[in-house]
Amino acid sequence: MSHSDPPDPREAYVEAVLAVVEQVPPGRVTTYGSIADVVGSGPRRVGSVMAREADGLPWWRVVRADGSLPPSHDERAHAAYAEEGTPLTASGRVDMVAAYWQPS
DNA sequence: TTGGTGACGGTAT
DNA sequence: TATACCGCCACCA
């Protein structure tokens with residue numbers, strides 16, 4: 001209310017992304033692009049948020065459109081997939097046909 | 001202010 | 001199927 005009442009759309013955007021990620025059911029995944037579509041932004045913005053705010057989030061449930069993740073996180077992601085029973089392809093990527101979850 | 005960067009996506013090769 | 005390239009656009013030095 002004072003001279004400065006920072007609505008900070010950046011923070012609201014981050015919260016919106018995190019809210020969607022929290023809704024992805026175990027054993028299922030969604031994509032950066034799908035989240036971007038829901039929150040109204042580009043996939044690279046979503047990736048940027050994940051890189052900074054992944055702390056305490058099921059980040060492994062957010063994958064690329066082809067069902068893969070960066071090699072750096074691939075190993076930890078696979079451990080989570082095995083634990084949650086996430087369907088994978090023979091190539092070692094998430095089976096998008098079987099595991100894709102569309103955020104509402 | 002300008003330019004480089006990036007947990008991406010889609011298309012071409 | 002894998003690799004290369006370009007397009008996008010907010011963020012940071």
Side-chain angles (χ1 to χ4, degrees):
Chain A
M1 320 296 213
S2 319
H3 53 88
S4 66
D5 178 29
D8 244 333
R10 300 180 291 112
E11 185 177 348
Y13 172 72
V14 171
E15 293 300 317
V17 172
L18 301 185
V20 176
V21 176
E22 289 287 352
Q23 293 172 49
V24 182
R28 307 290 294 285
V29 300
T30 192
T31 67
Y32 295 96
S34 295
I35 295 176
D37 188 56
V38 171
V39 301
S41 184
R44 301 196 70 153
R45 294 308 106 256
V46 176
S48 192
V49 172
M50 295 297 288
R52 294 178 59 91
E53 314 291 331
D55 185 55
L57 271 179
W59 53 265
W60 56 88
R61 295 176 193 158
V62 183
V63 301
R64 278 182 158 178
D66 67 347
S68 67
L69 279 175
S72 311
H73 298 101
D74 193 50
E75 192 171 349
R76 287 197 299 176
H78 265 251
Y81 297 149
E83 198 170 337
E84 297 184 354
T86 306
L88 305 176
T89 66
S91 306
R93 287 172 295 175
V94 176
D95 184 344
M96 298 307 286
V97 178
Y100 178 68
W101 180 83
Q102 172 74 37
S104 49

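Excluded from the calculations below are hydrogen atoms, water molecules and symmetry mates; all remaining heavy atoms, backbone and side chain alike, are included. The model shown is predicted, which means the values in this text are computed figures rather than measured ones. Order of the sequence lines fixes the chain letters, A, B, ..., with proteins taken first and strands second; residue numbering starts at 1 for each chain.
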Short heteroatom pairs, N/O only, protein and nucleotides 10-13 of chain C, under 3.5 Å:
residue	atom	partner	partner atom	Å
C:dA10	O4'	A:Arg45	NE	3.4

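- Neither OP1 nor OP2 of C:dC6 sits under 4.0 Å from any side-chain N or O of A:Arg44.
- Note: A:Arg45 CZ to A:Met50 CE = 14.5 Å, rounded to the nearest 0.5 Å.
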A:Asp8 vs A:Tyr13, test: side chain to side chain contact (heavy atoms under 4.5 Å, CB included). Steps then yes/no. CA-CA 9 Å; A:Asp8 244 333; A:Tyr13 172 72; over 6 Å; no
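- Backbone-only contact: A:Gly33 has heavy atoms under 4.0 Å from sugar-phosphate atoms and none from a base.
- For the pair A:Met96/A:Val63, a side-chain contact is recorded, criterion being any heavy-atom separation below 4.5 Å from C-beta on.
- Annotation: salt bridge (charged side-chain N to carboxylate O under 4.0 Å, His left out) contacts involving residues 50-62 of chain A, sequence neighbours excluded, comprise A:Arg61-A:Glu84.
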Side-chain donor-acceptor pairs of residues 75-83 of chain A under 3.5 Å, sequence neighbours excluded:
residue	atom	partner	partner atom	Å
A:His78	NE2	A:Gly92	O	2.6
A:Tyr81	OH	A:Trp60	O	2.7

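- A nucleotide of DNA chain B counts as in contact with chain A when one of its atoms lies under 4.0 Å from a heavy atom; the first and last such, 5' to 3', are B:dG6 to B:dG10.
- The pair A:Arg64-A:Asp66 does not count as a salt bridge, with every side-chain nitrogen at least 4.0 angstrom from each carboxylate oxygen.
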Under 3.5 Å donor-acceptor pairs involving side-chain atoms of residues 16-34 of chain A, not counting sequence neighbours:
residue	atom	partner	partner atom	Å
A:Gln23	NE2	A:Ala19	O	3.0
A:Arg28	NE	A:Ala99	O	3.3
A:Arg28	NH2	A:Tyr100	O	3.0
A:Thr30	OG1	A:Trp101	O	3.1
A:Thr31	OG1	A:Ser34	N	3.0
A:Thr31	OG1	A:Ser34	OG	2.9
A:Ser34	OG	A:Tyr100	OH	2.6

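- Near DNA chain C, meaning a heavy atom under 4.0 Å away, there are no residues from residues 58-85 of chain A.
- At distances below 3.5 Å, at least one donor-acceptor pair connects side-chain atoms of A:Thr89 with backbone N or O atoms of A:Ser91.
- Looking at heavy-atom distances under 4.0 Å, A:Ala36 makes no contact with the nucleic acid at all.
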